[in-house]
Amino acid sequence: MATLADAPAAGTDDAFREEVRAFLAENFAPELKGNNNALSAVEGPGTETPAQKKWREAMGERGWGTPTWPKEYGGGGLSRAQAKILTEEMMKDGAWNPIGGMGVMMFGPTLLEYGSEAQKHEHIPPICRGEVRWCQGYSEPNAGSDLANLQTFAEDKGDHYVVNGQKTWTSGGQWADKCFCLVRTDRSDKHRGISFLLIDMDAPGVEVRPIQMISGVSPFCETFFTDVKVPKENLVGEEGQGWTIGKRLLQHERTNISGGGSMARMMGPSVSDIARMYGETDAEGRIADPVLRDRIADYEIRWNTFLLTARRAAEESKASGGVSEISSVLKKLGTKLGQERAELTIEIMGLQGLGWEGEGFTEKELEGVRGWLFGKAFTIYGGSTEIQNNIIAKRVLGMLDHQ
């Protein structure tokens with residue numbers, strides 16, 4: 001079974017480093033520095049410039065957007081040492097990975113573990129090239145915290161299923177090409193009656209209604225399935241295996257939501273740098289307010305300690321062959337620290353941190369306000385903090401339910 005394991009190194013590290021440098025010099029345009037992946041932002045798909053498109057296609061052709069994924073499915077086939085070199089050289093040039101989204105962060109690693117060979121060859125290469133956008137069909141109006149209560153039903157019709165039901169909080173559903181979806185195939189068993197199905201978002205009977213958030217954007221949707229025909233070959237694993245596969249995917253999601261993934265990429269300048277921009281400093285260049293200075297020092301110590309812990313956990317998970325329940329620890333701590341940072345930043349910025357529109361605010365200030373509001377969802381989606389506490393108690397600490 002192909003996994004995200006090491007591939008044999010091709011040549012020496014120095015030779016590979018030179019190969020990466022030559023590739024970046026040829027394909028990463030200087031004007032792209034400081035930009036980001038326009039096609040994987042949760043707020044919308046964005047618009048690719050010609051330079052961004054060239055960069056994505058170049059990375060996709062090499063498989064370097066998914067560097068350690070198997071080469072036979074379009075990945076880079078790199079060893080972890082080579083992937084580290086690639087990351088180091090990209091950071092030196094201010095280059096960013098143009099291949100992303102839920103296909104990379106969540107669905108792809110799960111399909112590599114549970115999918116058939118036909119499914120891997122069909123779906124993994126377009127993910128590696130950044131050509132297909134995936135969304136997640138998990139939560140329902142009455143199946144959020146209790147996800148196993150989901151009722152979207154896939155009726156067996158011989159060579160296909162007919163799906164009826166509703167999903168909610170479908171991130172990017174209005175822009176997605178495909179959906180990895182948990183559906184019920186057996187009503188007699190709460191957990192073993194769930195299956196993992198792949199659904200085309202442009203299939204007849206699929207309707208998407210965006211939900212506007214307090215932050216002013218509509219990244220989430222309600223998704224309705226009415227007599228949607230889904231081929232049997234779109235079933236991942238076996239019928240009734242959806243709960244197992246779905247939980248595995250959530251481990252990948254929680255790792256990326258935490259500071260080890262998307263939260264870290266969103267941080268930007270340090271809190272101390274922001275405080276120096278908006279507050280007073282003393283003759284030695286320190287933040288003048290000693291109380292604020294202590295608060296910032298306390299936060300940054302805890303944040304950097306968390307980042308080191310996340311890095312160690314990532315290395316341990318790679319050595320053991322994949323993510324684990326430790327993802328719940330990272331998700332719980334990382335998202336809480338992210339919210340704390342946003343609150344502290346808004347406080348430091350004062351009135352400039354409360355702008356919604358108008359000429360009196362910079363673009364970064366307005367983005368900060370929206371990010372602060374959007375960040376309220378971090379401790380809810382991907383499994384709320386309360387759910388993570390339960391997982392940590394049972395799976396990490398070994399505590400059992402009391403009857």
Side-chain angles (χ1 to χ4, degrees), residues 1-28 37 40 55-115 117 119-121 123-131 248-249 251-256 258-262 264-265 307-324 326-327 330:
M1 178 180 68
T3 65
L4 306 186
D6 282 328
T12 65
D13 288 350
D14 289 342
F16 181 71
R17 192 178 294 276
E18 289 303 317
E19 179 185 348
V20 172
R21 289 173 178 171
F23 170 81
L24 291 172
E26 180 180 354
N27 294 285
F28 186 73
N37 186 347
S40 66
W55 174 232
R56 174 177 59 80
E57 290 176 344
M59 283 286 280
E61 183 179 356
R62 291 266 185 144
W64 284 1
T66 50
T68 59
W69 288 20
K71 201 172 186 65
E72 63 188 293
Y73 305 123
L78 302 183
S79 68
R80 293 189 179 101
Q82 289 174 319
K84 183 178 180 181
I85 290 172
L86 174 63
T87 299
E88 290 171 351
E89 293 303 318
M90 288 176 64
M91 290 179 66
K92 288 178 185 177
D93 281 9
W96 39 271
N97 190 343
I99 311 294
M102 293 187 186
V104 172
M105 295 190 300
M106 299 154 63
F107 175 62
T110 308
L111 192 69
L112 284 170
E113 185 173 355
Y114 290 97
E117 281 301 304
Q119 289 169 340
K120 293 174 190 176
H121 282 287
H123 298 296
I124 298 297
I127 292 174
C128 295
R129 295 191 298 266
E131 295 174 347
R248 186 64 163 176
L249 184 142
Q251 290 177 343
H252 292 289
E253 178 182 21
R254 289 160 183 165
T255 298
N256 280 280
S258 75
S262 59
R265 292 189 292 272
L307 288 182
L308 291 173
T309 303
R311 184 182 302 173
R312 175 170 56 83
E315 292 300 320
E316 291 175 352
S317 69
K318 288 177 181 177
S320 63
V323 293
S324 69
I326 298 301
S327 61
L330 299 179

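Side chains are part of it too, since the values below use all heavy atoms of this structure and drop only hydrogens, waters and symmetry mates.
With values rounded to the nearest 0.5 angstrom, K120 atom NZ is found 12.5 Å from I127 atom CD1. Here E72 contributes atom CD and I124 contributes atom CD1; the two are 10.5 Å apart, rounded to the nearest 0.5 Å. Rounded to the nearest 0.5 angstrom, L86 CG and R21 CZ are separated by 12.5 Å. Separating the CE atom in M59 from the CG atom in L24 is a distance of 8.0 Å, to the nearest 0.5 Å. If you take NZ on K71 and CG on L78, they are separated by 7.5 Å, rounding to the nearest 0.5 Å.
Of all the heavy atoms in P70 and L112, the pair that sits closest is CD-CD1, 4.0 Å. Between A95 and W55 the shortest heavy-atom distance is CB-CZ2, 4.1 Å. Contact between G103 and P109 at its shortest, heavy atoms only, is O-CD, 4.0 Å. Between V104 and W69, the shortest heavy-atom contact is O-CZ2, 3.6 Å. Contact detail for L111 and Q119: the closest heavy-atom pair is CD2-O, 3.7 Å.
Distance alone, capped at 3.5 Å, places no donor-acceptor pair between the R248 side chain and the T110 backbone. Within the 3.5 Å criterion, the main-chain N or O of Q82 finds a donor-acceptor partner in the side chain of S79. Not one N or O on the side chain of N27 forms a donor-acceptor pair closer than 3.5 Å with the backbone of A58.
Residues R312 and T309 have side chains in contact (heavy-atom distance under 4.5 Å, counting atoms from C-beta outward). A heavy-atom distance below 4.5 Å is not found between the side chains of C128 and I99. Two residues are said to be in side-chain contact when any heavy atoms from C-beta on lie closer than 4.5 Å; W96 and M90 fail this criterion.
Applying the side-chain hydrogen bond (donor to acceptor under 3.5 Å, both in side chains) test to E57 and every residue at least two apart in sequence or in another chain returns K53. By the salt bridge (Lys or Arg N to Asp or Glu O under 4.0 Å) test, E61 is found to be paired with no residue, residues two or more places apart in sequence or in another chain being considered.
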inquiry  = Please determine whether salt bridge (Lys or Arg N to Asp or Glu O under 4.0 Å) holds for the pair E88 and R17, giving the CA-CA distance in whole Å, both sets of side-chain angles, and the decisive distance to 0.1 Å.
reply    = CA-CA 9 Å; E88 290 171 351; R17 192 178 294 276; 3.1 Å; yes
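Residue pairs meeting the salt bridge (charged side-chain N to carboxylate O under 4.0 Å, His left out) criterion with at least one partner in residues 90-107, sequence neighbours excluded, are E89-K92.
If you look at W64 and F28, their ring centroids are not closer than 6.0 Å.
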